[in-house]
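Step one of this worksheet: look at the structure below.
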Amino acid sequence: MGTECQRNIYAMICAIFIMFIGTSSVSHAEIKDDTTATAIVAVKDDETIHNVRRRLKETIPTISFLDTYEKAFRGLAVEVKKTEVEQLSTIKGVQRADQSVSYKAEINDSVPFIGAESIRGNLDQRGFRLSGKGVKVGIIDTGIDYHHPDLARNFKGGYDFVDRDDDPLEGKDNRGTETMHGTHVAGIIAANGSVRGVAPEAELYMYRALGPGGQGSTEQILAAVEKAINDDMDVLNLSLGSPINGPDWPTSEALDKAAEAGVVAVTSSGNSGPSMWSVGSPGTSDKAISVGASIPPLHMPKLTLFHTPELSIDLQPIQGTSPWEFKRDLQLVDGGLGLEKDVESVRGKAVLIERGGIPLVRKIVNARKAGADAVIIYNNVAGSFSAKTNDVQPLPAITISRDHGEQLRQALEEQQEKEKPTVLRTILQEETDHMAFFSSRGPVTRSWKIKPDIVAPGVDIDSTVPKGYMALNGTSMAAPHIAGAAALVKQAHPNWKPDQIKAALMNTAVSLTDETGSEYPPFAQGAGRVDVKKALTAETIVQPGTLSFGVWPLGEKETVHKQTVMVENHSDRKRFYSFQTDMEPFLGVRWHMPKSVTLKPGEKKKTTIQVQVDPSVVDYNRLHGNVIVKGGKEDINIPYLLFINEPEYPRIGAFDLQPYGRESGFRYEVYMPGGAEEFEIALYDPDTFAFLGVLDHHENVKSGLFEHYLKQEDISVPEGLYRAVVYAKTGDKEETFETFITLQSKQMNNPHPAR
């Protein structure tokens, strides 16, 4: 993880969910005095919030109460001195207390691609076309431009938790530029004008919880979820996230509560992929629908030859040159190394040049001055390469691999022998249904649940922005596709509960494969890419939509674990369901499937799937695949995940150290999903790597966010820049996290939002 990402643990949303927001901002939790902090207090189930509130006031008289949560999350948002945050957890009735963190906000072709346009002729039970009509969709985001002609008729209201008023209009950053993320998300869900969203007649409600720069805090998110529940939203979209991969973070628990209250909660999984364990809260919520990003239909230019049409050559544009947009054929000629003498006869042609000899830009300039229409530079070593020019060159120029370059050069020689020209042709090939590289992957630490649950298009998605339209990338763009799909399913099946809608979307998803034809693992794609038409016509529902068998420590005896699944028959005839796995049995693993499940129309039954592991022969650490349910209109694939022994998940999720207050000291924060029996911060010289001392050491640190304060007099090294190695150990599992820190105290001014 880069130094810049580590600058602030709560602003470190990695990539981030809104790629177009580059300005810094101050969240609601950050505009307070720098000696105070906002904390989220979870109240135990057997205690009343009123009694806990009273004890908090008695114990910490200076405490301020910001919010009370009863539905989305059972607890309080409070403001206390930073030195009093740890004390909150010791008060009777408090289950846990976490300091508030920051969150960042994370169509035209994608909507028909997922099947949303093809079902417009279908009718709901009232005779209305399936368009989201009558379904209330809440959005927690940066606000909405409700004056936009594509959104005005669908916008019904909301609330602004940043400015604390009833006007959730998009805000402005500290440079006076309007935010746009919420408007873009809203358009994907329900634009109804020049562009049409997935559910173009859904009712839109905006809860502005992300302020300038797309940042917001835990208490704002919780308050927004609470209000969405009270406002009886049918669907709730959160295209936002934090880097914290844990199942019990307050925002994740809030979405669980929302689902229990009847709201279909949809959230983005994050843009920190493609590594395992990169999913962040609230995408770690068990009952919400966590959404990853796939690639929708994109037409990518490829090169071929007129006399060899089966040839397909990948190309990479050289940054700083004109785009490659040829719709006509070009004669191809050999340009050697691109020396002036090599390109004397290239006017009006595409010139093939080998890399090396002279600078790349000189090759392009020589070809341009000689009148070439295009430049193709092929690598002089194995593989492809990318390139750019510092000065703009008004000529289309691309790079290709050495193998493809040699193929073109050989074709030139062969055509020359025949005294025929070599004709280069540009074709457009559709690339689609692969996972986006940036899409965060699961599973969730500690619960080992598969995330994301499903994927949807999240690359080059056109949608509404204030006063216009724009194409954006991210899982922020994927989640509203699912929110819109959920609205359509809710309209078609108004009595279905959130878990049934979630299962219908997952059961009917299309499994994706990579460029080699291999299926992506479930912790990358969940159940697959959404297919709205199939979800709307699902006659069989199996839930949960994925199966996590957890972590199994190998002992001397065989280990048996089981999962309970619910099978529902929504067809008009009796069904006979059977179960099997999608692959040959693994050595040492035996499945015990239900022999048969018979269901009458409208009937549902629970059944058990067991897997047995023989530790004496197992020699792998992870097993994944699909349980196939047969007997319905179509087979249903239920992805599963199984770990043998505890996996190598990140023991240290994030680390940050900063000066605090006006005192001479520092505060650091570290997130450890599984806690640590031993925790240490060692300091080294950044140049020589010489060991200089231990900054701090603790034992038996609890799981979750650990915060500690260091006084200047307790620090044994002088001020300066250090290479810090953060170390955590539990049992035989160890991990280090390396970063640079500056131990230099400075008087901190109270931060204020920029105007």
Side-chain angles (χ1 to χ4, degrees), residues 114-115 132 135 137-138 189 198-199 225 228-229 233-239 247 252-269 279 282-292 442-444 447 449-456 475 478-511 522-523 525-548 563-568 570 604 606 627 629 632 636-640:
I114 64 173
V135 180
V137 181
I189 296 172
V198 179
V225 176
I229 296 173
M233 290 299 112
D234 297 304
V235 180
L236 183 61
N237 186 92
L238 295 88
S239 288
S252 295
E253 292 185 336
L255 294 195
D256 287 341
K257 294 292 185 182
E260 292 170 3
V263 181
V264 182
V266 181
T267 180
S268 49
S269 66
V279 63
T284 55
S285 165
D286 182 27
K287 297 180 181 179
I289 305 176
S290 179
V291 187
V444 180
S447 73
K449 292 296 180 68
I450 294 173
K451 293 289 175 175
D453 296 297
I454 198 169
V455 301
T475 53
H481 283 85
I482 299 300
L488 296 176
V489 178
K490 181 68 176 178
Q491 181 189 354
H493 304 281
N495 296 324
W496 279 12
K497 296 180 179 179
D499 55 356
Q500 292 173 300
I501 294 174
K502 177 180 179 179
L505 291 167
M506 294 175 69
N507 291 167
T508 55
V510 178
S511 183
F523 52 79
Q525 67 167 329
R529 191 258 302 151
V530 65
D531 185 325
V532 176
K533 186 174 183 179
K534 287 186 177 181
L536 287 167
T537 57
E539 294 183 349
T540 299
I541 292 179
V542 182
Q543 53 177 302
T546 58
L547 298 173
S548 174
Q563 288 284 321
T564 300
V565 298
M566 174 76 77
V567 184
E568 303 179 19
H570 292 273
K604 61 182 179 180
K606 290 182 178 180
V627 171
V629 182
I636 295 176
N637 290 336
I638 308 296
Y640 67 84

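Atom set for the values below is all heavy atoms of this structure, side chains included, hydrogens, waters and symmetry mates excluded.
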With the side chain counted from C-beta on, respond yes when [X] and [Y] share a heavy-atom pair under 4.5 Å apart, and no when they do not.
X	Y	result
Ile638	Val565	no
Glu260	Lys287	yes
Arg529	Ile114	yes
Pro639	Leu547	no

Heavy atoms only: give me the nearest [X]-[Y] pair and the separation to one decimal.
X	Y	result
Ala527	Ala509	O-CB, 3.6 Å
Ala228	Leu236	CB-CD1, 3.8 Å
Pro522	Ile450	O-CG2, 3.3 Å
Pro282	Leu255	CB-CD1, 3.8 Å
Val530	Ala456	CG1-CB, 4.1 Å
Gly132	Leu488	N-CD2, 3.4 Å

>> Looking only at the side chains, is there a donor atom on one of Ser252 and Thr284 sitting less than 3.5 Å from an acceptor on the other?
In response: yes
> Between the side chains of Asp531 and Thr508, does any donor sit under 3.5 Å from an acceptor?
Replying inline: no
Between [X] (side chain only) and [Y] (backbone N and O only), is there a donor and an acceptor less than 3.5 Å apart?
X	Y	result
Asp256	Asp286	yes
Ser269	Val291	yes
Ser268	Ala479	no
Asn507	Val542	yes
Lys449	Ser285	no
Lys497	Gly262	no
Glu539	Gly632	no
Asp453	Gly526	no

>> Against Asn237, only a single residue in Ile289, Val266, Ile482 fulfils side-chain contact (heavy atoms from CB on, under 4.5 Å); can you say which?
In response: Val266
> How would you list, by chain and number, every residue that makes a side chain to side chain contact (heavy atoms under 4.5 Å, CB included) with His570, sequence neighbours excluded?
Replying inline: Trp496, Gln500, Ile541, Glu568
>> Take a 6.0 Å sphere around NZ of Lys490 and say whether it holds more than 12 heavy atoms from other residues, nucleotides or ligands.
In response: yes
Distance from [X] atom [atom1] to [Y] atom [atom2], nearest 0.5 Å?
X	Y	atom1	atom2	result
Gln491	Leu536	CD	CG	9.0 Å
Met506	Asp499	CE	CG	11.5 Å
His481	Ile454	NE2	CD1	12.0 Å

